[in-house]
Amino acid sequence: MRLRNLTTEDLWLYEAIYRDPRMWEHLGGPHPKEGLAEKLERDAAATEADEVWVLVIVLEEETAAGTVAIWPHELDGEVITEIGWMVLPDHQGKGVGSAGVRMALDRAREKGRWDVLHAFPPVSNAASNAMCRTLGFTLVGARDYTARVTLRVNHWRLDLRSA
């Protein structure tokens, strides 16, 4: 398994991730197709410029299984760095997500890219919360989180300098 940068050739992957209701079961439902190509272009350009990381999880047989993303944004008046992941349904429950996130964390530590990462899996997503626990994140607590919709999430924190 390896990680590679997202490119504009990954529209099929973005459609599989953003349009599949199973992928958004805990996240407020799938996204519309409109604007997805433009989002891919923005995300690929920001990754190429090293402003964010949107990394594709690639399996041994060169199959894309999902993504791991790390990006800055404002939360409660403070700029934080968030990590999130999406694993296609056919690859869920096989350790692919954990391995991909672990590789992204290792890369971030190696490059000294970020100090602290935050993750916000919905409280209803037992697998993602277990992944945070297993990978050494510390549970800060439950909170409401608004992106497209307001969700009840667990806020996890990982200090890359000490982990």
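All values derive from a computational prediction rather than experimental measurement. Sequential numbering from 1 along the given sequence is applied to the chain's residues.
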> Evaluate side chain to side chain contact (heavy atoms under 4.5 Å, CB included) for L117 paired with L105, printing each intermediate quantity in order.
CA-CA 9 Å; L117 296 178; L105 295 174; 3.4 Å; yes
> How far apart are the closest heavy atoms of L11 and A37, and which atoms are they?
CD1-CA, 3.9 Å
> Using a 4.5 Å cut-off on heavy atoms from C-beta on, say whether the side chain of P72 contacts that of I80.
no
> Determine whether a donor-acceptor pair (N or O, by modelled atom type, separation under 3.5 Å) exists between the side chain of T67 and the backbone of L55.
no
> Can you hop from Y145 to V79 via hydrophobic side chains spaced under 4.5 Å?
no
> Ignoring hydrogens, what is the shortest heavy-atom contact between G97 and V87? Give both atom names and the distance.
CA-CG2, 3.5 Å
> Test side chain to side chain donor-acceptor pair (under 3.5 Å) on N129 and W156 and set out the steps.
CA-CA 8 Å; N129 282 286; W156 294 87; 2.8 Å; yes
> Atom CD of E78 and atom NE2 of H73: how far apart are they, to the nearest 0.5 Å?
10.5 Å
> How long is the span from the NZ atom in K39 to the NE2 atom in H31, to the nearest 0.5 Å?
7.5 Å
> State the OG1-CZ distance between T81 and R157, to the nearest 0.5 angstrom.
11.0 Å
> Any side-chain heavy atom of E9 within less than 4.5 Å of one from T7?
yes
> Answer yes or no: is there a donor N or O on one side and an acceptor on the other, between the side chain of E82 and the main chain of A119, under 3.5 Å?
no
> Using the side chain to side chain contact (heavy atoms under 4.5 Å, CB included) rule, take R102 and R107 through it: C-alpha gap first, then chi angles, then the decisive distance, then the call.
CA-CA 9 Å; R102 186 174 288 110; R107 183 184 290 186; over 6 Å; no
> Could you state the interatomic distance from CG (D90) to OG1 (T63), rounded to the nearest 0.5 Å?
10.0 Å
> Is it true that a side-chain atom of D10 and a backbone atom of L13 form a donor plus acceptor pair closer than 3.5 Å?
no
> Judged by atom type as modelled, is there a donor-acceptor pair below 3.5 Å linking the side chain of N154 to the main-chain atoms of F120?
no
> Evaluate the criterion side chain to side chain contact (heavy atoms under 4.5 Å, CB included) for residue pair V58 and M1; output intermediate values, then yes/no.
CA-CA 6 Å; V58 181; M1 179 183 309; over 6 Å; no
> Same cluster for Y14 and W12 if Ile/Leu/Val/Met/Phe/Trp/Tyr side chains link at under 4.5 Å?
yes
> Give a yes or no on whether the backbone of D43 and the side-chain of T47 come within a donor-acceptor separation of less than 3.5 Å.
yes
> Under the ring pair (Phe, Tyr, Trp, His ring centres under 6.0 Å) rule, what do W53 and W114 come out as? Steps first, then yes or no, please.
CA-CA 11 Å; W53 286 0; W114 292 283; 4.7 Å; yes
> Taking the side chain as every heavy atom from C-beta outward, state whether I57 and M86 have any atom pair closer than 4.5 Å.
no
> Give the cluster check for V116 versus M131: same hydrophobic cluster or not, with ILVMFWY residues linked at side-chain heavy-atom distances below 4.5 Å.
no
> Indicate the ring-plane relationship of H155 and H118, choosing parallel, tilted or perpendicular according to the 30° and 60° boundaries.
tilted
> The test is salt bridge (charged side-chain N to carboxylate O under 4.0 Å, His left out); show your working for K111 and D50 and say whether it passes.
CA-CA 12 Å; K111 293 184 179 283; D50 200 35; over 6 Å; no
> Counting only N and O atoms by type, is there a donor-acceptor contact under 3.5 Å from the side chain of D20 to the main-chain atoms of I17?
no
> Can you give me the closest heavy-atom contact between A65 and V96, atom names plus distance?
CB-CG1, 3.8 Å
> Is there a side chain to side chain contact (heavy atoms under 4.5 Å, CB included) between L158 and L135? Walk through the geometry before answering.
CA-CA 9 Å; L158 179 67; L135 293 173; 5.9 Å; no
> Taking a hydrophobic cluster as the set of Ile, Leu, Val, Met, Phe, Trp and Tyr residues connected by side-chain heavy atoms closer than 4.5 Å, whether directly or through intermediates, do I83 and L139 fall within one such cluster?
yes
> In terms of hydrophobic clustering (I, L, V, M, F, W, Y; side-chain heavy atoms under 4.5 Å; direct or indirect links), are L75 and V153 co-clustered?
yes
> Is there side-chain contact between S128 and W85, with at least one heavy-atom pair below 4.5 Å?
yes
> Tell me if the CD atom of E74 is crowded by more than 12 foreign heavy atoms within 6.0 Å.
yes
> Nearest 0.5 Å, please: how far is CG in L151 from OG in S124?
8.0 Å
> Calculate, to the nearest 0.5 Å, the distance between atoms CZ and CZ belonging to R152 and R143 respectively.
9.0 Å
